[in-house]
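Below, each value reflects all heavy atoms present in this structure, side chains not excepted, and no hydrogens, waters or symmetry copies. In this chain, numbering begins with 1 at the start of the sequence shown.
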Amino acid sequence: MGSYADGGLVPAEVAPGSLLSWGESMEGDDFLWSTGAGGPEEWLVTVCSRNGPWWHYEGGMVQFLAELCDGTLEPWALPPVRPEVTAWWDGRGVRHDVS
């Protein structure tokens, strides 16, 4: 692991100008960071939609997800988000239903 100015760590193999995957939708859309010379707080969110062109979001990952879930983000070709939690899978692949 390499370090950057504020003492946080980023993987040493992530070169500026790379795409680093951090998530995907159930419909096959990919969410990535477009890495830059600074740390992760400066990286653009890049959306690779299976239904349309790639696009960039100027805010951070948490802001992107919050706006996607609350409906304030123009979703372009992304599927609608239903923010209620109905189930989740843990690290062992076990499904947990909300009761």
- [ ] For F64, enumerate each residue passing the ring-ring contact (aromatic ring centres under 6.0 Å, His included) test, keeping only those at least two apart in sequence or located in another chain.
- [x] F31, Y57

TODO: Consider only side-chain heavy atoms of I, L, V, M, F, W and Y, link residues closer than 4.5 Å, and tell whether L68 and W55 are in one cluster.
DONE: yes

- [ ] Would you confirm whether S34, through its side chain, and T46, through its main-chain N or O, come within 3.5 Å as a donor-acceptor pair?
- [x] no

TODO: Determine yes or no for a side-chain-to-main-chain donor-acceptor pair under 3.5 angstrom, with W43 supplying the side chain and G38 the backbone.
DONE: yes

Task: Shortest non-hydrogen contact between E24 and D30, atoms and distance - done: CB-OD1, 3.7 Å

TODO: State the CH2-CD distance between W33 and E41, to the nearest 0.5 angstrom.
DONE: 10.5 Å

TODO: Using only heavy-atom distances, determine whether the side chains of D70 and T72 contain a donor-acceptor pair under 3.5 Å.
DONE: yes

Open item on the list: Other members of the hydrophobic cluster containing L19, with the 4.5 Å side-chain heavy-atom rule, please.
Closed with: L32, W54

TODO: Please round to the nearest 0.5 Å and tell me the distance separating atom CD of Q63 and atom CD of E58.
DONE: 10.5 Å

Open item on the list: Donor-acceptor pair, distance only, cut-off 3.5 Å: does the side chain of D29 make one with the backbone of R50?
Closed with: yes

TODO: Please identify each residue that fulfils side-chain hydrogen bond (donor to acceptor under 3.5 Å, both in side chains) with S21, with sequence neighbours left out.
DONE: none

Open item on the list: Rounded at 0.5 Å granularity, tell me how far CG in D90 sits from NE2 in H96.
Closed with: 3.5 Å

- [ ] Find out if a path of hydrophobic residues (ILVMFWY) with successive side-chain heavy-atom gaps under 4.5 Å connects L65 to V45.
- [x] yes

